[in-house]
There are 2 protein chains.
Amino acid sequence: MSKPTIYSIAQRCGVSAATVSRVFNRPELVSAPVREQVMAAAHELGYQPSSAARGLVTGRAEMIGLIVPDITNPFFPLLVRAIQRSAERMGSSVMLVDAEESAAAEVRQVAQLRSRVDGVIVASPRSSSAALREAARGLPCVLLNRPLRDLSSVVCDNTSALFDAGDHLHKHGHRSFALLTGPSASWAAARRAQAVRRWARGRGVELAELGPFRATFKGGRQAGAALLGTAATAAFAFDDLTACGVLAELAGRGVSVPGDRSVVGCDDVLLARTVTPNLTTVTAPMEDLGTTAVQVLTRQIEAPGGAPEHVRLPGSFVARDSTGPRPTP
Amino acid sequence: MSKPTIYSIAQRCGVSAATVSRVFNRPELVSAPVREQVMAAAHELGYQPSSAARGLVTGRAEMIGLIVPDITNPFFPLLVRAIQRSAERMGSSVMLVDAEESAAAEVRQVAQLRSRVDGVIVASPRSSSAALREAARGLPCVLLNRPLRDLSSVVCDNTSALFDAGDHLHKHGHRSFALLTGPSASWAAARRAQAVRRWARGRGVELAELGPFRATFKGGRQAGAALLGTAATAAFAFDDLTACGVLAELAGRGVSVPGDRSVVGCDDVLLARTVTPNLTTVTAPMEDLGTTAVQVLTRQIEAPGGAPEHVRLPGSFVARDSTGPRPTP
DNA sequence: TCGGACAATGAAAGCGATTGCATGATTCTG
DNA sequence: CAGAATCATGCAATCGCTTTCATTGTCCGA
């Protein structure tokens with residue numbers, strides 16, 4: 001007894017394979033009695049259509065690739081889940097690839113994926129644009145948090161939320177700020193830094209730029225240490241993970257947050273709500289980001305060579321416990 | 001210009017498709033000049049073999065499924081990465097599925113996956129054994145952290161590490177302990193609880209059992225609150241996430257850790273080292289767990305119907321800052 | 001009552017690769 | 001130098017499914 005195929009079923013039911021196939025794909029073309037008989041037989045035999053065979057003829061893999069630079073970064077699990085969920089809704093599965101922080105790996109992975117997926121979603125802060133373009137040639141692709149003119153992209157724009165964060169701190173009396181910058185190659189880092197700078201200039205407040213720091217907990221500790229070398233009473237961390245590092249470093253040195261300094265993070269990952277004090281941060285609309293990415297990708301797949309789409313979703317500011325009034329000197 | 005196939009290449013090089021195929025699969029069977037010519041042409045045309053076609057004839061998808069109950073649980077990203085890494089080494093890709101904490105989804109997903117993968121790795125604390133068995137029927141499968149007699153499994157056994165943890169606390173003078181139990185349906189939770197109980201009995205110390213609590217940060221907070229209702233000076237949390245909740249709850253109530261109470265976690269996820277104080281915990285050998293799971297699965301795939309394998313890997317105790325000497329009353 | 005429209009089904013041609021077998025060209029062996 | 005062994009290559013079947021086209025049988029209107 002080998003795996004059941006449409007032929008096993010066809011034979012069993014005394015119909016042709018074509019009919020069996022239709023029962024699954026275009027059931028309305030098959031008469032009710034036959035349809036039911038076939039379905040019953042299929043169920044009884046435990047029939048599962050071979051996706052390889054189907055893919056071969058339809059040219060669709062019903063699968064999308066998802067490339068993340070580092071799944072251990074708490075930013076991604078939420079995204080992965082959102083993407084997976086909406087992919088499932090579209091009848092596709094998700095193939096996850098962790099590029100392990102290596103640009104070379106990213107590009108290599110895309111090449112690897114090509115033949116197995118209908119398209120890819122790439123969350124790739126690192127790779128060079130040229131490498132990305134090349135890798136995506138002829139393959140429907142949407143970039144996450146990294147716009148590129150000729151490839152579709154879905155990005156989270158935190159500019160206005162960061163303005164809100166600044167205003168929030170300003171209202172609390174802070175006048176001297178520090179910007180703890182993230183990896184220089186990261187689009188998000190550049191973008192966030194720019195937003196903070198613009199805000200500070202607009203407000204006419206002092207802004208010390210520190211960094212760049214690696215987007216890790218350790219990087220955050222270094223940033224925290226650096227922060228103490230300045231007079232800033234409030235700091236914008238690149239993301240929540242670094243903010244946590246900052247918090248830890250400050251705590252380690254007996255500096256109170258938000259008593260002595262205020263810290264705001266970015267992304268609102270799980271960590272933000274498990275750390276003490278809870279992080280004031282900017283929440284990224286993960287669910288939306290994922291859903292949108294899948295939708296855009298689907299469109300690219302259905303109309304290959306269509307114009308690239310660019311979607312920008314705003315984050316929003318959320319005040320928690322890592323920010324407070326300026327310490328009275 | 002449609003997608004290049006072995007035929008395009010064959011034609012271009014004046015050889016047969018079979019030869020082209022061999023260049024990629026059994027290059028030693030092809031003469032050097034032809035081989036190089038074909039490779040050059042393939043590269044030039046940007047040829048990528050169709051995995052659907054290959055899969056159809058070889059019967060292999062070169063892909064394994066990975067089902068996790070909740071990718072946002074910090075336990076999993078490390079595992080996912082380890083699995084992906086070693087799958088890649090075996091020439092397979094990983095299809096990730098987040099069952100979203102639903103046993104029904106888990107089983108449904110396995111069914112869905114069947115036709116697209118060569119086998120699955122299931123990290124499924126929830127589903128009933130019967131459901132799992134049924135879902136895995138005829139599909140190579142290895143269970144993670146959940147042994148079942150007739151299915152292969154790879155589990156992390158923390159028993160001895162928990163003994164070490166207990167001894168560590170005992171040495172620090174603690175005599176009254178609390179066990180904050182995890183979800184009752186989880187094998188790991190049961191196992192850990194059992195280990196702690198055995199240890200406590202062996203030592204003849206007092207052990208208050210609290211719970212079960214959900215394996216979330218919130219669950220941890222509740223556990224923390226409950227802990228304060230007891231005289232225990234040291235607590236075993238179900239995992240790091242709940243331990244963090246405990247820490248947060250205690251901190252919120254002005255209870256110092258490790259000054260007033262000691263807390264040990266389990267798993268050693270990223271969180272353990274980002275929280276203040278750093279968690280004393282039991283590290284799970286994630287890398288090994290993942291690698292082993294893939295190896296076992298590979299064996300199952302190559303010899304379907306072979307006897308199930310059961311691997312048990314020990315965790316190890318690591319002392320950090322959430323444990324200390326018993327407070328002097 | 002007959003022709004055409006329509007519904008239900010089957011036959012068969014691929015999709016793009018792999019692979020066992022056959023073949024022709026070389027090289028070896030005694 | 002004949003026959004065997006070896007090597008490189010081609011032919012063609014096959015994997016399981018989808019889909020076009022053709023066929024058959026029904027039903028309806030005129």
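Labels below follow one simple rule: chain letters A, B, ... track the order of the sequence lines, proteins then strands, and each chain is numbered from 1.
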Check nucleotides 4-8 of chain C against the protein and report each pair of N or O atoms closer than 3.5 Å, with its distance, or say if there are none.
none

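- Within the structure, ring pair (Phe, Tyr, Trp, His ring centres under 6.0 Å) pairs that include any residue of residues 60-110 of chain A do not occur (at least two apart or interchain).
- Under the side-chain hydrogen bond (donor to acceptor under 3.5 Å, both in side chains) criterion, B:N25 pairs with B:S21, B:R54, not counting sequence neighbours.
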Point to revise | Per-nucleotide protein contact string for nucleotides 16-22 of chain C, where B marks a base within reach and S marks sugar-phosphate only (heavy atoms under 4.0 Å, - for neither) | key: BBBBB--
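- With sequence neighbours excluded, the residues forming a salt bridge (Lys or Arg N to Asp or Glu O under 4.0 Å) with B:R133 are B:D150, listed by chain and number.
- With sequence neighbours excluded, the residues that form a side-chain hydrogen bond (donor to acceptor under 3.5 Å, both in side chains) with A:R26 are A:E28.
- For the residue pair B:S152 and B:Q300, a side-chain donor N or O sits within less than 3.5 Å of a side-chain acceptor on the partner.
- Contacts of B:S92 classified as side-chain hydrogen bond (donor to acceptor under 3.5 Å, both in side chains), with partners at least two apart in sequence or in another chain: none.
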**Study point:** Test log, rule side chain to side chain donor-acceptor pair (under 3.5 Å), inputs B:S153 and B:R146
**Key:** CA-CA 7 Å; B:S153 63; B:R146 180 182 220 280; over 6 Å; no
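- When DNA chain D is scanned 5' to 3' for any atom under 4.0 Å from a heavy atom of chain A, the first and last hits are D:dG16 to D:dT20.
- Note on residues 17-37 of chain A: pairs passing ring pair (Phe, Tyr, Trp, His ring centres under 6.0 Å), not counting sequence neighbours, are A:F24-A:Y47.
- Rounded to 10°, the angle separating the first-five-pair axis and the last-five-pair axis of the helix from C:dT1-D:dA30 to C:dG30-D:dC1 equals 40°.
- In this view, A:E36 satisfies the side-chain hydrogen bond (donor to acceptor under 3.5 Å, both in side chains) rule with no residue, not counting sequence neighbours.
- Under a 3.5 Å cut-off, the side chain of A:H310 and the backbone N or O of A:V155 do not form any donor-acceptor pair.
- For A:P304, the side chain to side chain contact (heavy atoms under 4.5 Å, CB included) test picks out no residue, with sequence neighbours left out.
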Practice item. For A:I71 and B:Q84, run side-chain contact (heavy atoms from CB on, under 4.5 Å): C-alpha distance rounded to whole Å, both residues' side-chain angles, the deciding distance at 0.1 Å, then the answer. Key: CA-CA 11 Å; A:I71 184 76; B:Q84 198 219 296; over 6 Å; no
